[in-house]
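Working notes for the structure below.
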Amino acid sequence: MSETQVRGVNNPKTANPNGLERIRVGVLGFGGLGQAATRVLAPKGEMLWVAAADRKGYVYDAAGLNPERCIQTYQSQGSLGYVEPGGTLSSKSIEELIQNATVDGYFLALPNLPNTFMASVVKQFIQSGWQGVLVDALKRTSAVEQLLQLQDELQAAGITYMTGCGATPGLLTAAAAIASQSYAEIHSVNITFGVGIANWEAYRATIREDIAHLPGYDVERAKAMSDAEVEALLDQTDGIISLENMEHADDVMLELAGICSRDRVSVGGVVDTRNPKKPLSTNVQITGRTFEGKISTHTFTLGDETSMAANVCGPAFGYLKAGVSLHHKGIYGLLTAAEVMPQFVK
């Protein structure tokens with residue numbers, strides 16, 4: 001058994017893999033997705049939300065945080081650093097939170113703008129000496145490929161990293177991995193998503209990431225857009241963002257899992273930024289050839305009543321729980337949503 005495996009098994013902070021102790025969770029990023037994550041966590045008996053950070057500060061309370069108080073403070077004062085008790089204003093919020101908080105796993109609900117941002121955050125965890133589980137909901141193939149380059153460093157650091165664990169990539173990628181088992185050969189995986197939100201400002205970073213996929217735009221241009229420029233663009237389209245052939249990490253994740261080559265995976269969808277009702281049903285279609293030589297298609301469709309937040313945050317915490325179980329067993333490094341089954345968080 002390697003040294004890292006011994007560290008993982010004997011780590012006193014995570015000595016109860018069967019949920020006898022609540023998993024202490026931190027959330028990095030407190031925009032729309034981060035705030036929704038805290039509300040998803042609130043009723044969970046197996047997890048306890050204890051830490052969060054934004055660009056200007058962080059908050060930590062080992063006994064658990066109150067989502068509504070933190071959200072109200074953030075929305076009225078602009079930072080979790082103003083939360084009392086436990087808040088601290090800091091220009092190095094993530095770095096200081098890692099050092100000062102006792103956390104088993106973090107959900108990285110951070111905007112990946114620029115495209116190297118998530119990898120830079122992960123390097124902070126590696127350099128800090130922290131050990132535990134990290135989960136993200138990254139979208140872009142190139143962003144996941146950057147994390148793949150950190151595989152050896154993550155393993156040596158004793159970090160179990162689960163990437164692409166939102167809705168797509170994530171829930172739909174995992175569904176495709178399971179559905180592929182009916183076939184001898186996969187011909188195509190087509191993911192189509194519909195997202196409805198009443199007000200784009202609640203998910204500013206997510207909408208900018210979507211804009212970056214539009215023809216004529218890229219990550220840097222989307223990041224540099226002011227709110228007024230985003231609103232002007234949405235005015236031109238009646239609030240609709242239509243996306244085709246996106247650079248989405250479902251492709252590299254399914255390729256890594258040995259299911260099909262990335263050129264057989266396509267992702268697109270429609271985002272309505274002015275209406276909470278989905279413009280179309282989110283689904284994944286897996287087409288392949290069975291061992292009898294028949295061509296067929298499996299379709300997995302998400303219920304229209306489930307929100308983007310529910311379909312991203314729910315799987316993310318399911319994968320975090322699975323990651324904690326793996327970490328207890330001394331399994332470190334980078335894993336994707338197509339390689340591991342999430343565990344339901346009660």
Does [X] [atom1] have over 12 foreign heavy atoms under 6.0 Å away?
{"X": "Arg262", "atom1": "CZ", "result": "yes"}
{"X": "Lys44", "atom1": "NZ", "result": "yes"}
{"X": "Glu84", "atom1": "CD", "result": "no"}
{"X": "Glu229", "atom1": "CD", "result": "yes"}

Return the [atom1] to [atom2] distance between [X] and [Y], rounded to the nearest 0.5 Å.
{"X": "Ile23", "Y": "His327", "atom1": "CD1", "atom2": "NE2", "value": "12.0 Å"}
{"X": "Ser128", "Y": "Glu95", "atom1": "OG", "atom2": "CD", "value": "9.0 Å"}
{"X": "Gln35", "Y": "Glu68", "atom1": "CD", "atom2": "CD", "value": "9.5 Å"}
{"X": "Leu147", "Y": "Thr163", "atom1": "CG", "atom2": "OG1", "value": "5.0 Å"}
{"X": "Arg274", "Y": "Ile240", "atom1": "CZ", "atom2": "CD1", "value": "8.5 Å"}

Going through the checks in order, is the salt bridge (charged side-chain N to carboxylate O under 4.0 Å, His left out) test met by Lys278 and Glu305? CA-CA 8 Å; Lys278 290 183 182 181; Glu305 297 78 14; over 6 Å; no
Heavy-atom pair of closest approach, residues [X] and [Y]:
{"X": "Leu65", "Y": "Cys70", "value": "CB-SG, 4.2 Å"}
{"X": "Ile211", "Y": "Met225", "value": "CG2-SD, 3.9 Å"}
{"X": "Leu41", "Y": "Trp49", "value": "CD1-CB, 3.8 Å"}
{"X": "Pro67", "Y": "Ala42", "value": "CG-CB, 4.0 Å"}

Determine, for [X] against [Y], whether the closest basic-nitrogen to carboxylate-oxygen distance falls under 4.0 angstrom.
{"X": "Arg264", "Y": "Glu185", "value": "yes"}
{"X": "Glu247", "Y": "Lys139", "value": "no"}
{"X": "Asp104", "Y": "Lys321", "value": "no"}
{"X": "Arg204", "Y": "Asp227", "value": "yes"}

Given the rule in the side chain to side chain donor-acceptor pair (under 3.5 Å) test, do Asn283 and Ser281 qualify, once you have shown the distances and angles that lead to the verdict? CA-CA 6 Å; Asn283 68 88; Ser281 296; over 6 Å; no
Knowing that exactly one of Tyr106, Tyr161, Tyr319 qualifies, which makes a side chain to side chain donor-acceptor pair (under 3.5 Å) with Asp136?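 Testing Asp136 for a side chain to side chain donor-acceptor pair (under 3.5 Å) against Tyr106, Tyr161, Tyr319 leaves exactly one candidate, Tyr161.
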Between [X] and [Y], is there a donor-acceptor pair closer than 3.5 Å when you use the side chain of the first and the backbone of the second?
{"X": "Ser180", "Y": "Ala177", "answer": "yes"}
{"X": "Thr192", "Y": "Gly269", "answer": "no"}
{"X": "Thr160", "Y": "Val133", "answer": "no"}
{"X": "Arg221", "Y": "Gly216", "answer": "yes"}
{"X": "Thr290", "Y": "Ser182", "answer": "no"}

Please walk me through it: do Phe193 and Leu302 pass side chain to side chain contact (heavy atoms under 4.5 Å, CB included)? CA-CA 9 Å; Phe193 60 82; Leu302 303 186; over 6 Å; no
Tell me whether Lys346 forms a cation-pi arrangement with Phe317, defined as NZ or CZ under 6.0 Å from the six-membered ring centre and within 45 degrees of its axis.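 Lys346 over Phe317 ring: no.
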Taking atom types as modelled, find out whether Asn311 and Thr282 have a side-chain donor-acceptor pair closer than 3.5 angstrom. no
For Asn190 and Ser266, test the side chains for any donor-to-acceptor distance below 3.5 angstrom and give the result as yes or no.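 Yes, Ser266 and Asn190 have a side-chain donor paired with an acceptor closer than 3.5 Å.
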Can you list every pair that meets ring pair (Phe, Tyr, Trp, His ring centres under 6.0 Å) and has a residue in residues 166-187, with sequence neighbours left out?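 Non-adjacent pairs meeting ring pair (Phe, Tyr, Trp, His ring centres under 6.0 Å): Tyr183-His298.
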Same cluster (ILVMFWY, side-chain, under 4.5 Å), Leu243 and Val267: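 Yes, because Leu243 and Val267 connect within a single hydrophobic cluster, where side-chain heavy atoms sit under 4.5 Å apart.
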Is there a path of hydrophobic side-chain contacts, each under 4.5 Å between heavy atoms of I/L/V/M/F/W/Y residues, joining Leu280 to Ile197? no
Would you mind reporting whether Trp200 and Arg208 have side-chain heavy atoms less than 4.5 Å apart?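 Yes, their side chains come closer than 4.5 Å.
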